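Numbers here are sequence positions counted from 1. Note that the coordinates shown come from a computational prediction; the quantities given were computed from them, not determined experimentally. We count ligands from 1, going down the list as the structure has it; atoms in each ligand are counted the same way. All heavy atoms count here, side chains included; hydrogens, waters and symmetry mates do not.
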Amino acid sequence: MQIEVQLTSSPIAEKICPLRPGGTAGAWVEFRGIVRGEEDGRPISALEYEAYPEMAEREIRRLLMEISAKHPCIAAKVVHRVGVIPVGETAVYVGVASPHRGEAFALLAEFMDRLKQDVPIWKRGARSAEHRLGTNQNIAGNMPSRCSALQSLDEATAEIRARCQPLPGVRVPLTEALGRVLRETVCAPEDLPPFDRSTRDGYAILADDPAETFSVVDTLHAADWKPRQLKPGEAVRVATGSALPGSGLRVVMQENVERTGDRIRIARRETAANISFRGEDVRAGAPLLPAGVKLNAGALALLATMGNVNPLVSPHLRVVHYTTGDELVPPDQTPKPGQIRESNSILIRSLLQDFLCDVEQGHLPENFELAKSAIENRRSKIENADLLLISGGASVGEKDFTRPLLEWLGFEIVFSQINLRPGRPLIFGVKGARVAFGLPGNPLSHFVCFHFAVATALAQLSGGTAPIFLRGQLAEKLDDQPCPRETLWPAKLEWEPGGSVRLHPLAWANSGNVASLAAANALVRVPANQGSLEKFTGVDFLPLTAMLGM
Ligand code: AMP
Ligand code: MG
């Protein structure tokens with residue numbers, strides 16, 4: 001089948017030349033979608049369409065090929081306009097050639113239905129009738145700013161990394177530093193241990209003293225500091241941790257010694273010196289902890305040993321999270337028919353715990369104007385937040401206002417869709433150092449988008465390490481249909497006794513499913529158009545942060 005596809009921000013011509021695929025065509029059927037003067041019962045002056053042209057073209061071609069298997073046609077031409085399209089002008093033109101009109105009509109009808117659903121071209125909004133278009137708004141320069149290809153997972157992550165910069169560090173006492181990201185490399189200010197110490201309770205003697213019996217000339221306890229030069233035949237009683245009286249010594253364990261009054265006899269010779277030498281653990285000036293590590297209990301103990309009691313660390317991040325959706329009721333209420341319990345608040349609050357955030361949560365009414373006034377009341381909170389998260393309303397339904405809301409708050413939208421399943425309508429915006437995400441409302445999409453996108457932003461803002469994919473093996477077959485989008489598939493990770501990682505794919509049918517959430521501790525990356533993956537296939541997976549304590 002001959003296919004021609006064009007995305008344009010210019011008006012579509014009144015007359016389009018039919019494709020001429022040779023002598024077998026008996027019909028050339030044309031369809032034009034024209035922008036109507038009203039939307040939702042309100043008069044409008046224009047509609048704005050946004051698209052990812054490369055992806056959209058690919059999808060249109062794929063759709064046409066797929067449908068023509070059922071309704072054989074010879075050629076098809078599709079022209080879709082994007083940007084602001086005034087009322088009365090053509091938004092989409094489709095021409096189909098087939099042997100008889102029946103096939104062409106059938107293909108056209110199915111194509112138009114699926115175009116809306118499957119192709120990344122969406123209505124960004126309507127211009128009200130009061131908002132008349134200026135003459136130059138109807139021209140090619142009016143393409144939306146981001147109109148290139150739909151972001152891949154890697155592109156989206158790279159964009160987040162590039163746009164989120166570490167917030168200034170703060171100095172806090174060690175008791176408040178657990179889980180924070182260290183923001184400066186810490187070097188040892190002195191040798192560790194700072195002096196030669198005995199590792200045993202026993203007797204210090206000259207290392208090369210061949211005598212069997214010794215006189216005990218002194219006793220040292222752990223806190224004593226009594227330098228002296230030992231002579232052959234002399235021994236000093238030492239405790240574990242005692243600073244040795246000099247150099248060139250070794251310690252004989254008391255278990256290997258017989259003592260009578262002030263004399264000892266070595267009953268059994270040892271080869272070990274039983275000394276922890278000065279600087280053996282750490283040399284003065286050596287780097288101990290690099291900037292960017294998350295401080296765990298051991299790291300704090302090390303800092304304490306070094307006397308570094310006010311490390312420079314990441315600040316607590318201020319996060320504001322709003323849910324949207326009139327169908328939601330609090331989880332302690334019984335939903336009426338059509339309602340569901342709200343679960344994203346506790347999901348997000350719990351996921352944020354790993355990043356030491358001060359979280360403020362709320363709910364927005366599902367009406368743009370009411371949502372704006374609800375926000376207005378807490379505007380300073382939002383303006384001070386390092387991260388703003390809005391659950392739901394991220395796609396292109398009539399009530400989906402997350403994107404305009406973020407724009408109204410002054411965020412530059414970096415991307416608003418990614419080529420991912422689940423989680424395609426993910427919005428990412430920035431405003432100076434502040435970051436915002438519009439997360440698709442379904443809990444599974446939330447979960448996935450949090451772990452690769454929000455976690456990357458939080459790691460960046462903290463100055464830490466962003467989540468990375470690791471390599472593992474499927475413990476079972478991953479049963480899937482080929483999907484044009486890359487997938488992050490919830491999985492349960494288990495360690496094999498030999499130390500390798502096995503991933504059990506969890507069942508989910510769509511992004512509204514929540515059953516898999518409780519068991520998921522990894523996301524397996526399934527390439528676009530892959531379909532099923534056999535047992536034992538090597539896969540990339542994202543370990544979920546809480547699991548590794550990263
Ligand atoms: P939306 O992204 O707003 O179109 O929402 C997509 C789906 O996710 C809808 O079925 C919503 O009911 C559901 N949803 C949205 N927000 C929440 C939430 N906070 N808790 C549970 N489900 C939600
Ligand atoms: Mg919603």
Just by modelled atom types, is the I12 backbone N or O under 3.5 Å from a matching donor or acceptor in the T90 side chain?
no
For G392, the atoms of ligand 1 under 4.0 Å from one of its heavy atoms are 1 (P), 2 (O), 3 (O)
So does R341 have more than 12 non-hydrogen atoms from other groups sitting under 6.0 Å from CZ?
yes
Protein heavy-atom partner closest to atom 18 (C) of ligand 1 - residue, atom, separation in Å
N344 ND2, 3.1 Å
Using the six-membered ring of Y49, assess whether NZ or CZ of R81 lies under 6.0 Å from its centre and within 45 degrees of the ring axis.
no
Quick one: look up the protein heavy atom nearest atom 10 (O) of ligand 1 and list residue, atom name and how far away it is.
N442 OD1, 4.0 Å
Which one holds for E327 and ligand 1: side chain close, backbone close, both close, or neither close, with close meaning a heavy atom under 4.0 Å?
side chain
Quick test of your reading of the model: are E110 and K70 salt-bridged, counting only N-O distances below 4.0 Å?
yes
So is there a nitrogen or oxygen of G441 less than 3.5 Å from a nitrogen or oxygen in ligand 1?
yes
Please report the closest heavy-atom contact between C164 and L461, naming both atoms and the distance.
CB-CD2, 4.3 Å
Run the ring-centre check on H451 versus F447 and record whether the distance is less than 6.0 Å.
yes
Does an N or O anywhere in S395 fall below 3.5 Å from an N or O of ligand 1?
no
With heavy atoms and a 4.0 Å threshold, my read on which part of T323 contacts ligand 1 is side chain
Atoms in ligand 1 with a heavy atom of I340 nearer than 4.0 Å:
12 (O), 22 (N)
Applying a heavy-atom cut-off of 4.0 Å, say which part of S391 lies close to ligand 1: side chain, backbone, both or neither.
neither
Would you say R502 and Q473 are linked by a side-chain donor-acceptor pair, where the criterion is simply a distance under 3.5 Å?
yes
cation_pi(K372, F401) dist<6.0 Å, angle<=45:
no
Indicate yes or no: does an N/O atom of G393 lie under 3.5 Å from an N/O atom of ligand 1?
yes
Go through ligand 1 atom by atom and flag the ones less than 4.0 Å from a non-hydrogen atom of R341.
21 (C)
How far is atom 20 (N) of ligand 1 from its nearest protein heavy atom, and which residue and atom is that?
S343 N, 3.0 Å
Salt bridge between R403 and E50, side-chain N to carboxylate O under 4.0 Å?
yes
At less than 4.0 angstrom from any non-hydrogen atom of E342, what atoms of ligand 1 do you find?
18 (C), 19 (N), 20 (N)
